[in-house]
Amino acid sequence: MTTTAPEDDRIKLEPSWKQALRDEFDQPYMRQLREFLRHELAAGKEIYPPGPLIFNALNLTPLDKVKVVILGQDPYHGPGQAHGLCFSVQPGIATPPSLVNIYKELKRDLNIDIPRHGCLQPWAEQGVLLLNTTLTVERSNAASHAKKGWEPFTDRIIQTVNEKCEHVVFLLWGAHAQSKAKLIDNTKHLILTSVHPSPLSAHRGFIGNGHFGKANQFLKDHDMTPIDWAL
């Protein structure tokens with residue numbers, strides 16, 4: 001008789017996260033999400049990011065290394081853009097407008113030269129968890145996988161950081177990200193909020209928020225190595 005490995009044993013996930021989130025993969029919402037994704041793929045839908053990159057944010061930033069959390073909403077839905085890190089695009093892809101504004105604030109805040117690319121992987125490797133609250137999307141159909149099951153999972157990720165990490169900076173840009181503040185203990189962590197860096201809102205307070213410098217000062221105040229935001 002053959003046996004099938006438990007679902008969580010078939011998921012390629014960084015060990016500290018896999019241990020912390022193991023129980024989530026057996027929850028009814030996660031089973032429903034898997035069925036939804038299988039159905040979409042069977043119907044010929046193109047889903048981003050590619051399967052091996054869905055958990056890229058977790059795989060690049062182990063739980064015990066998290067220093068900063070930046071929350072996005074859902075992945076970019078254009079071909080070749082999404083690679084599992086919020087606001088980031090793969091090398092060779094044009095820098096999206098929101099990220100252009102993030103770079104403008106970095107330049108204004110810390111005098112960091114604006115990069116010629118949009119890949120934020122070096123941030124992730126230093127402890128910046130670049131987490132979208134929905135981890136997949138259908139091609140050319142923004143928010144198509146919202147409310148399909150990802151949100152309880154990513155809420156659990158935020159709660160896990162809140163519980164198991166010390167002195168983390170949460171950068172909550174825009175109303176959607178700010179709605180997650182209720183999951184975070186602000187006596188233990190630093191929560192910084194502003195409008196979203198989208199061109200529709202960045203001029204109303206994203207540019208000038210000083211979040212990158214404030215994040216690094218908080219880390220230094222707690223004897224932690226600051227983030228090198230230069231790319």
Side-chain angles (χ1 to χ4, degrees), residues 14 46-62 65-137 139-143 169-174 176-177 192 194-220 224-231:
E14 190 278 328
E46 198 169 341
I47 293 175
Y48 301 139
L53 296 179
I54 289 172
F55 297 114
N56 204 21
L58 303 180
N59 289 332
L60 288 172
T61 312
K65 304 296 185 187
V66 175
K67 297 178 179 179
V68 177
V69 177
I70 299 178
L71 288 181
Q73 196 153 353
D74 66 336
Y76 296 120
H77 53 79
Q81 289 182 301
H83 65 132
L85 305 177
C86 73
F87 293 106
S88 180
V89 291
Q90 307 226 49
I93 300 293
T95 304
S98 290
L99 185 53
V100 168
N101 286 329
I102 290 171
Y103 286 168
K104 286 179 181 176
E105 175 54 18
L106 263 176
K107 176 66 174 175
R108 190 211 62 81
D109 187 12
L110 299 177
N111 198 31
I112 288 174
D113 289 339
I114 293 177
R116 297 183 179 180
H117 63 86
C119 182
L120 304 182
Q121 184 165 326
W123 292 1
E125 291 168 346
Q126 293 179 74
V128 182
L129 182 63
L130 295 165
L131 182 68
N132 281 313
T133 56
T134 300
L135 297 187
T136 56
V137 70
R139 177 175 177 165
S140 303
N141 191 0
V169 183
F170 289 83
L171 303 182
L172 307 183
W173 300 331
H176 178 78
L192 297 175
S194 82
V195 298
H196 194 275
S198 159
L200 299 175
S201 57
H203 63 284
R204 298 202 310 269
F206 180 82
I207 304 298
N209 67 22
H211 282 185
F212 300 102
K214 290 173 184 175
N216 275 355
Q217 187 59 56
F218 182 81
L219 295 175
K220 287 189 280 190
M224 299 165 72
T225 304
I227 304 299
D228 180 0
W229 296 104
L231 293 166

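Every heavy atom of this structure was used, including side-chain atoms; hydrogens, water molecules and symmetry mates were not. Model, not experiment: these values are computed from the prediction. Here, residue 1 is the first one in the sequence, and each next residue gets the next number.
With a 4.5 Å cut-off on side-chain heavy atoms, Leu71 and Leu172 count as touching. Within the 4.5 Å cutoff, no side-chain heavy atoms of Asp109 are placed close to those of Trp229. In this structure, Phe206 and Glu105 have side chains that are in contact, with non-hydrogen atoms separated by less than 4.5 Å. No side-chain heavy atom of Asp74 sits under 4.5 Å from any side-chain heavy atom of Asn132. The closest side-chain heavy-atom distance from Ile227 to Phe212 is not below 4.5 Å. Using a 4.5 Å cut-off on side-chain heavy atoms (C-beta onward), Tyr103 and Leu231 make contact. With contacts defined as side-chain heavy-atom distances shorter than 4.5 Å, the pair Thr61/Trp123 does not qualify. Between Asp113 and Lys107, the closest side-chain pair of non-hydrogen atoms falls below 4.5 Å.
Taking all atoms of both residues into account, the shortest heavy-atom contact from His83 to Asn56 is O-ND2, 2.6 Å. Considering every non-hydrogen atom in both Gly80 and Ile93, the closest pair reads O-CG1, 3.4 Å. Nearest heavy atom pair, residue Asn101 against residue Ala202, reads ND2-CB, 3.5 Å. Contact detail for Gly118 and Thr95: the closest heavy-atom pair is N-OG1, 3.7 Å. Minimum heavy-atom separation, His211 to Asn209: N-OD1, 2.9 Å. The two residues Gln90 and Ala82 come nearest to each other via the heavy atoms NE2-O, 3.6 Å.
Less than 6.0 angstrom separates the ring centroid of Phe87 from the ring centroid of His196.
Here Leu60 contributes atom CG and Gln126 contributes atom CD; the two are 12.0 Å apart, rounded to the nearest 0.5 Å. A distance of 11.0 Å separates NZ in Lys220 from OG1 in Thr225, rounded to the nearest 0.5 Å. Remark: Leu99 CG to His117 NE2 distance equals 9.5 Å, nearest 0.5 Å. Interatomic distance, Leu129 CG to Cys86 SG, rounded to the nearest 0.5 Å: 8.0 Å. A distance of 6.0 Å separates CD1 of Ile47 from OG1 of Thr136, quoted to the nearest 0.5 Å. Note that SG of Cys119 is 7.0 Å distant from CG of Leu85, once rounded to the nearest 0.5 Å.
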(request) Report the C-alpha separation of Thr133 and His176 in whole Å, then their side-chain angles, then the decisive distance to 0.1 Å, and conclude whether the side-chain hydrogen bond (donor to acceptor under 3.5 Å, both in side chains) test is met. (result) CA-CA 9 Å; Thr133 56; His176 178 78; 2.6 Å; yes
(request) With side chain to side chain contact (heavy atoms under 4.5 Å, CB included) as the test, would you mind laying out the steps for Lys104 and Val100 before giving the verdict? (result) CA-CA 6 Å; Lys104 286 179 181 176; Val100 168; 3.8 Å; yes
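Counting only distance, with no hydrogens or angles, the side chain of Asn216 and the backbone of Pro226 share no donor-acceptor pair below 3.5 Å.
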